[in-house]
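What follows is a short report on a single structure.
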Amino acid sequence: MANYVVELMNKELHSFNLTECSTLAIDKKPDVVEFSPIDETNLYKIEFYAKPGKGRFEALVRAHDPSNVTSYTLASPYFNRLNAYGHDGDCITRAPQKPFCYCKSNLLRKTGHETKKG
């Protein structure tokens, strides 16, 4: 389910053409809490770390069939960032996506491959 959420995050960045942001992936095994089913729908709270950037996120996911990813939907419209993101998303101005944008320029700086313009 965490992979489903990360895929949605990446799709949202792509849909706004935020090419300055890195593609996210799961960094550590997610924590999943299952709530009691309501009207034959299971509700899960997913907490996970994403890389790059070690962002910690939380999302609520509904699943009519937990074994079938096509039955998943987000139960809330936002991806909640649980830890501070500092300057990770400073390469973009869209406030709703900043918490889960990790700028590609940050990766270049960390690896020492940033080129100077001038």
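Being a predicted model, the structure only gives us computed values, none of them experimental.
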**Asked** With distance as the sole test, does Asn83 use its side chain to make a donor-acceptor pair with the main-chain N or O of Arg56 at under 3.5 Å?
**Response** yes

**Euclidean distance, Asn3 CG relative to Ile46 CD1, rounded to 0.5 Å** = 10.5 Å

**Message:** Less than 6.0 angstrom separating the ring centers of Phe57 and Phe79, yes or no?
**Reply:** no

**Asked** How long is the gap from NE2 on His64 to OG1 on Thr41, to the nearest 0.5 Å?
**Response** 4.0 Å

**Message:** Closer than 3.5 angstrom, by distance alone: can the side chain of Tyr72 be matched with the main-chain N or O of Met1 as a donor-acceptor pair?
**Reply:** no

**Steps toward salt bridge (Lys or Arg N to Asp or Glu O under 4.0 Å) verdict (Lys54, Asp88)** = CA-CA 10 Å; Lys54 300 195 184 308; Asp88 288 355; over 6 Å; no

**Single-linkage hydrophobic cluster Val69~Phe48, side-chain heavy atoms < 4.5 angstrom** = yes

**Request:** State the CD-OG distance between Glu58 and Ser76, to the nearest 0.5 angstrom.
**Result:** 8.0 Å

Enumerate, atom names and distances included, each donor-acceptor pair closer than 3.5 Å involving a side-chain atom of residues 16-35, sequence neighbours excluded.
from: Ser22; atom 1: OG; to: Tyr102; atom 2: O; distance (Å): 2.9

**Prompt:** What's the spacing between Tyr44 OH and Arg62 CZ if we round to 0.5 Å?
**Reply:** 13.5 Å

Result block: side-chain N/O donor-acceptor pairs under 3.5 angstrom for residues 93-101, not counting sequence neighbours:
from: Arg94; atom 1: NE; to: Gln97; atom 2: OE1; distance (Å): 2.9
from: Gln97; atom 1: NE2; to: Glu12; atom 2: OE2; distance (Å): 2.5
from: Lys98; atom 1: NZ; to: Ile92; atom 2: O; distance (Å): 3.3

**Leu82 with Val5, same ILVMFWY side-chain cluster at under 4.5 Å** = no

**Item:** Approximate separation, where rounding is to 0.5 Å, of Leu8 CG and Thr73 OG1
**Value:** 9.5 Å

